[in-house]
S.K.: 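Quick one: the structure is below, and I'll ask about it shortly.
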There are 2 protein chains.
Amino acid sequence: MKISELSRLTGASVRSLRHYEEQGLLTPRRLDNGYREYHDLAVEQVRTIRFYLKLGLTTAQISGFLHCVMKNKEAFCEEVLPVYKKKLRELNEQIELLTAIRSNLEERIRSIHDERSALQGFDEK
Amino acid sequence: MKISELSRLTGASVRSLRHYEEQGLLTPRRLDNGYREYHDLAVEQVRTIRFYLKLGLTTAQISGFLHCVMKNKEAFCEEVLPVYKKKLRELNEQIELLTAIRSNLEERIRSIHDERSALQGFDEK
DNA sequence: AATAACCTTAACCTCAATGTTAAGGTTTAT
DNA sequence: ATAAACCTTAACATTGAGGTTAAGGTTATT
């Protein structure tokens with residue numbers, strides 16, 4: 001199939017498909033006119049790529065184990081777990097940071113409300 | 001004072017101070033030789049800028065109320081609360097998203113462990 | 001007068017997937 | 001034969017604070 005059909009079947013934009021190829025995640029053969037020609041299996045492969053992207057992995061990380069997971073159960077591919085664990089550590093850090101900022105912000109919003117109702121109370125007297 | 005002294009007093013890099021100026025947060029006067037000359041008040045102003053940046057606000061947002069908060073209590077500045085609330089909504093969205101990804105990832109890590117110990121158990125039999 | 005230690009503007013780099021032209025070749029249907 | 005609908009590569013834009021470097025002017029010290 002050609003690129004627009006793969007795009008339609010997977011939901012990935014044509015631009016994204018070309019990008020995945022640049023990053024080494026897809027390697028379609030070329031027709032005589034230079035058009036990309038994809039195997040049927042590419043549909044599953046693109047879905048797999050997008051699945052890992054949604055987990056927050058980069059194309060570079062995905063390329064490290066994509067071939068393995070296309071042929072085996074994920075648990076068989078040694079490269080997967082370290083990447084998952086690294087990503088998990090990053091997520092925990094980010095969540096912790098954002099949560100701290102949120103607390104800070106909530107406290108400041110509260111104190112603005114408090115100060116205003118104090119002024120309000122003062123005016124009312 | 002000149003830029004490097006302000007940098008030293010505030011912890012902001014010289015590059016950052018020039019950036020704040022580009023964004024309209026600082027407006028030092030210029031000496032005859034073109035050098036920036038800052039008021040003593042600039043120290044407090046830069047500290048205030050950096051405080052809001054740490055809350056995750058952008059320079060554009062900060063510029064909307066910086067002059068007000070430099071002269072008044074924060075609660076007096078009407079522009080602050082909407083920005084805080086907007087930021088809070090964004091934070092909640094981000095945290096929710098990251099937390100969902102984290103759950104997903106934890107589940108996948110767990111299932112890899114499970115599958116491997118199942119294989120392990122199988123081998124042991 | 002030379003050197004260190006300042007200062008200036010301007011511009012590119014980071015991160016990373018993907019949107020958006022631009023400029024042009026191919027195929028297909030009318 | 002022409003237009004619609006494909007396809008190609010290449011390059012810039014997005015986000016945004018701030019690092020880095022280049023090229024050069026100023027001030028101060030020796």
Side-chain angles (χ1 to χ4, degrees), chain A residues 1-38 42 45-64 66 83 86-87 90-91 93-94 97-98 101, chain B residues 1-38 42 45-64 66 83 86-87 90-91 93-94 97-98 101:
Chain A
M1 79 192 73
K2 294 203 289 284
I3 198 166
S4 67
E5 190 177 359
L6 183 59
S7 170
R8 194 174 46 74
L9 292 175
T10 59
S13 70
V14 168
R15 174 66 175 89
S16 292
L17 295 176
R18 295 200 186 109
H19 178 62
Y20 300 157
E21 181 176 345
E22 275 173 18
Q23 306 305 308
L25 299 177
L26 287 175
T27 48
R29 69 186 188 86
R30 296 301 180 115
L31 299 176
D32 288 347
N33 58 16
Y35 287 16
R36 291 170 177 81
E37 171 69 19
Y38 295 91
Q45 189 154 343
V46 171
R47 288 188 182 139
T48 303
I49 292 167
R50 290 168 71 75
F51 170 83
Y52 287 118
L53 284 174
K54 275 185 214 142
L55 280 182
L57 305 188
T58 65
T59 52
Q61 289 174 319
I62 296 168
S63 78
L66 183 62
V83 172
K86 179 171 190 289
K87 184 66 195 176
E90 292 167 358
L91 277 173
E93 266 179 39
Q94 289 172 36
L97 177 62
L98 294 183
I101 293 174
Chain B
M1 80 192 72
K2 294 203 288 283
I3 198 165
S4 66
E5 189 177 358
L6 182 58
S7 170
R8 193 174 47 74
L9 292 175
T10 60
S13 69
V14 168
R15 174 66 175 90
S16 294
L17 295 176
R18 295 199 186 109
H19 178 64
Y20 301 157
E21 181 176 344
E22 275 173 18
Q23 306 305 308
L25 299 176
L26 286 176
T27 47
R29 69 186 189 84
R30 297 300 181 116
L31 299 176
D32 288 345
N33 57 15
Y35 287 15
R36 291 169 177 82
E37 171 69 19
Y38 296 91
Q45 190 153 342
V46 171
R47 288 188 181 139
T48 302
I49 292 167
R50 291 168 71 74
F51 171 82
Y52 287 118
L53 285 175
K54 275 185 213 141
L55 279 181
L57 305 186
T58 65
T59 52
Q61 291 175 318
I62 296 168
S63 78
L66 183 62
V83 172
K86 179 171 190 290
K87 185 66 197 176
E90 292 167 359
L91 276 174
E93 267 178 39
Q94 289 172 37
L97 177 62
L98 294 183
I101 293 174

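Proteins come first, then strands; the chains are lettered A, B, ... in the order of their sequence lines, and each starts at number 1. In what follows, every heavy atom counts, from backbone to side chain, and hydrogens, waters and symmetry copies are set aside.
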S.K.: Write down the distance between CD (Gln23(A)) and C1' (dT18(C)), rounded to a whole number of angstrom.
M.R.: 11 Å
S.K.: Mind checking what makes salt bridge (charged side-chain N to carboxylate O under 4.0 Å, His left out) contact with Arg29(A), not counting sequence neighbours?
M.R.: none
S.K.: Check the distance between dA17(C)'s C1' and Leu26(A)'s CG and give it to me in whole angstrom.
M.R.: 14 Å
S.K.: Grab the CD-P distance between Glu22(B) and dG16(D) for me, whole Å please.
M.R.: 15 Å
S.K.: Is the closest side-chain heavy-atom distance between Glu22(B) and Thr59(B) below 4.5 Å?
M.R.: no
S.K.: Could you tell me if the side chain of Leu25(B) sits less than 4.5 Å from the side chain of Val46(B), heavy atoms only?
M.R.: no
S.K.: May I ask you to verify if any side-chain N or O of Tyr20(B) is less than 4.0 angstrom from the OP1 or OP2 atom of dA17(D)?
M.R.: no
S.K.: Taking atom C1' of dA17(D) as reference, at what distance in whole Å does atom CG of Leu17(B) sit?
M.R.: 13 Å
S.K.: Rounded to the nearest 0.5 Å, what separation is found between the CZ atom of Arg30(A) and the CZ atom of Arg36(A)?
M.R.: 4.0 Å
S.K.: Working to the nearest 0.5 Å, report the span between CD of Gln61(B) and CG of Leu55(B).
M.R.: 10.5 Å
S.K.: Heavy atoms under 4.0 Å is the rule here; annotate nucleotides 1-16 of chain C 5' to 3' with B where the base is hit, S where only the sugar-phosphate is, and - elsewhere.
M.R.: -----BSBB-B-----
S.K.: Quick one: CG on Leu26(A) to CD1 on Ile49(A), what's the gap to the nearest 0.5 Å?
M.R.: 4.0 Å
